[in-house]
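Some notes on the structure that comes next.
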Amino acid sequence: MKVMTKIPLELYMWLEDLGESGQDVINLYLGGLTGLLKIRPRGDIIKALVTFWDPAHNVFHFSDFELTPTLEEIAGYIGIIEALRDKYLVIYQRYGHIGGFNNPESKICNKENRLKWEEHKCFAFTVVFLGLLVFPRKDGNIDVRIAGVVNTYLTQAKSTLAPMIVSEIFRALTTCKAGENFFEGCNLLLQMWMIEHLCHRPQYMNYGSTGESYIGEFYTRVDGFNMPEGVAEWTSCLFSVTANQIEWTLGWLPIDEIIYMPAIGPHFLLMGLRSIQPYAPYRVLRQLGRCQIMPKDEDLSLHVVEIRSDG
């Protein structure tokens, strides 16, 4: 199984070429997700985690406990802490290079095209950023549907990417568990999430922030954690970990309200780019700082709907 293991150098260069004003726009568009550019991809963690994924319940099942990425945690990484319940869904070589408009072969040398590019360059970067780091494809191309997602995300003030990100992570874990050879989900967010829950520090609680994004402060929060190296070491670590060794609630993520259960049933359906995935937070209430109840044993895989890219 392969994962996205290298952040393209062109993505860093493109962001630099946007200048300070363009970078401010990107930070406004993407929030804390821009911090992913500073995260080292760890394919060994993802490969080990697939072993513990339970596709019937969309949770990781370890020795005596369960965990799953929650909407609140992913929204926290993005930078949306409050009012999540009020939210709803939603090519560098040619366009990114600072001298691209001086290249006759690009066929976009006239002033009209340059003005159009100046108007849309931040939008284009956002599409490519999400297409490479958050919703990657195994062929390395950008899914054109992301442009529509970004357009909705930027024009609808109450939209959020968190449900789509969670849905895509769930789908990628399930397909890889079934033998798929590429992880088509955000492995960067998933690895950070797992490491933080393993980084158990008794008596530690931090509800503050230095002002950076929660992704940007990740390495500071996990400083001192003895990180396993390699798939075998990670698998051994995850096999042996027990509930009392877990950092159950992330101290940097104060949650007044959680998305718990819809009125019509015990689980939500999260629409992703490639599938609709069931989400049942009642299985991990302890993880969200609530009293854990006995989860209902329901086969959630029956509610998965695959979405064809050809419509």
Side-chain angles (χ1 to χ4, degrees), residues 30-33 35-36 49 53-55 57-60 66-90 130 133-135 149 152-153 156-174 185-197 207 213-215 218 246-293 295-296 298 300-301 303-305 307:
L30 291 172
L33 285 175
L36 292 177
L49 277 173
W53 182 246
D54 176 4
H57 302 104
N58 274 358
V59 295
F60 291 106
E66 295 177 337
L67 286 177
T68 198
T70 66
L71 290 172
E72 287 79 9
E73 291 167 326
I74 298 303
Y77 282 127
I78 296 173
I80 305 170
I81 302 297
E82 300 176 351
L84 183 59
R85 295 175 68 178
D86 295 330
K87 303 291 183 181
Y88 54 82
L89 284 174
V90 314
L130 293 175
L133 303 189
V134 181
F135 307 116
V149 172
T152 300
Y153 181 57
Q156 301 293 330
K158 288 189 174 182
S159 61
T160 173
L161 291 173
M164 183 171 285
I165 293 173
V166 172
S167 178
E168 290 299 291
I169 288 175
F170 284 179
R171 179 185 181 275
L173 287 163
T174 296
C186 190
N187 55 297
L188 294 172
L189 285 173
L190 181 59
Q191 73 181 48
M192 292 168 58
W193 170 85
M194 189 70 252
I195 291 170
E196 291 216 59
H197 279 290
Y207 289 110
S213 74
Y214 290 112
I215 294 177
F218 167 73
I246 288 293
E247 190 76 9
W248 277 100
T249 57
L250 302 180
W252 54 268
L253 184 64
I255 304 173
D256 294 328
E257 293 184 331
I258 65 171
I259 297 177
Y260 167 40
M261 186 180 294
I264 59 174
H267 65 267
F268 295 89
L269 292 177
L270 304 181
M271 187 167 185
L273 197 65
R274 304 175 182 97
S275 73
I276 298 172
Q277 292 286 331
Y279 170 70
Y282 62 83
R283 298 192 69 93
V284 292
L285 287 178
R286 182 180 177 185
Q287 184 180 327
L288 295 169
R290 304 301 193 269
C291 181
Q292 182 65 59
I293 62 175
K296 180 180 179 180
E298 178 186 11
L300 298 180
S301 65
H303 303 284
V304 173
V305 179
I307 300 174

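- Of the candidates L270, L190, I78, I78 is the only one forming a side chain to side chain contact (heavy atoms under 4.5 Å, CB included) with I165.
- Checked against the 6.0 Å centroid threshold, Y77 and W252 count as a close aromatic pair.
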For this session: Walk me through it: do H197 and L250 pass the test side-chain contact (heavy atoms from CB on, under 4.5 Å)?
Result: CA-CA 7 Å; H197 279 290; L250 302 180; 3.9 Å; yes
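- E73 and Q287 share a donor-acceptor pair across their side chains, judged by distance under 3.5 Å alone.
- H303 pairs by the side chain to side chain donor-acceptor pair (under 3.5 Å) definition with E298, not counting sequence neighbours.
- For the side chain to side chain contact (heavy atoms under 4.5 Å, CB included) with F218, the qualifying choice from L36, I195, L188 is I195, the only one to do so.
- Rounding to the nearest 0.5 Å places CD1 of I169 at 9.0 Å from CG of N187.
- Between the SG atom in C186 and the CG atom in L133 there is a gap of 7.0 Å [rounded to 0.5 Å].
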Exercise. Between T70 and V284, does a side-chain contact (heavy atoms from CB on, under 4.5 Å) hold up when you go through it step by step?
Worked result: CA-CA 9 Å; T70 66; V284 292; 4.2 Å; yes
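- By the 30° and 60° cut-offs, the orientation of the rings of W53 relative to F60 is perpendicular.
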Problem set entry | I215 vs L189, side-chain contact (heavy atoms from CB on, under 4.5 Å): CA-CA, chis, key distance, verdict | CA-CA 9 Å; I215 294 177; L189 285 173; 4.0 Å; yes
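- Looking at heavy atoms from C-beta onward, L71 lies in side-chain contact with Y279 at the 4.5 angstrom threshold.
- Applying the side chain to side chain donor-acceptor pair (under 3.5 Å) test to Q191 and every residue at least two apart in sequence or in another chain returns nothing.
- For W193 against P69, the heavy-atom pair with the smallest separation is CZ2-N, 3.4 Å.
- Rounding to the nearest 0.5 Å places CE of M164 at 10.0 Å from CG of L130.
- The backbone N or O of L288 lies less than 3.5 Å from a partner atom in the side chain of R290, making a donor-acceptor pair.
- Scored by the side chain to side chain donor-acceptor pair (under 3.5 Å) test, Q277 finds N58, S275 as partners (sequence neighbours excluded).
- Considering only heavy atoms from C-beta on, V304 comes within 4.5 Å of P278 through its side chain.
- Atom CG of L67 and atom CZ of R286 lie 9.5 Å apart (nearest 0.5 Å).
- Closest approach of A172 to G185, counting heavy atoms only: CB-N, 3.6 Å.
- Side-chain atoms of L269 and H267, non-hydrogen and from C-beta on, do get closer than 4.5 Å to each other.
- Checked by atom type and distance alone, the side chain of E72 never pairs as donor or acceptor with a backbone atom of I258 at under 3.5 Å.
- Contact check for R283 versus T68: no side-chain heavy atoms found under the 4.5 Å cut-off.
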For this session: Please step through side-chain contact (heavy atoms from CB on, under 4.5 Å) for the pair R274 and I307, ending with a clear verdict.
Result: CA-CA 5 Å; R274 304 175 182 97; I307 300 174; 5.6 Å; no
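- Note that OG of S167 and CG of L161 are 12.5 Å apart. Values are rounded to the nearest 0.5 Å.
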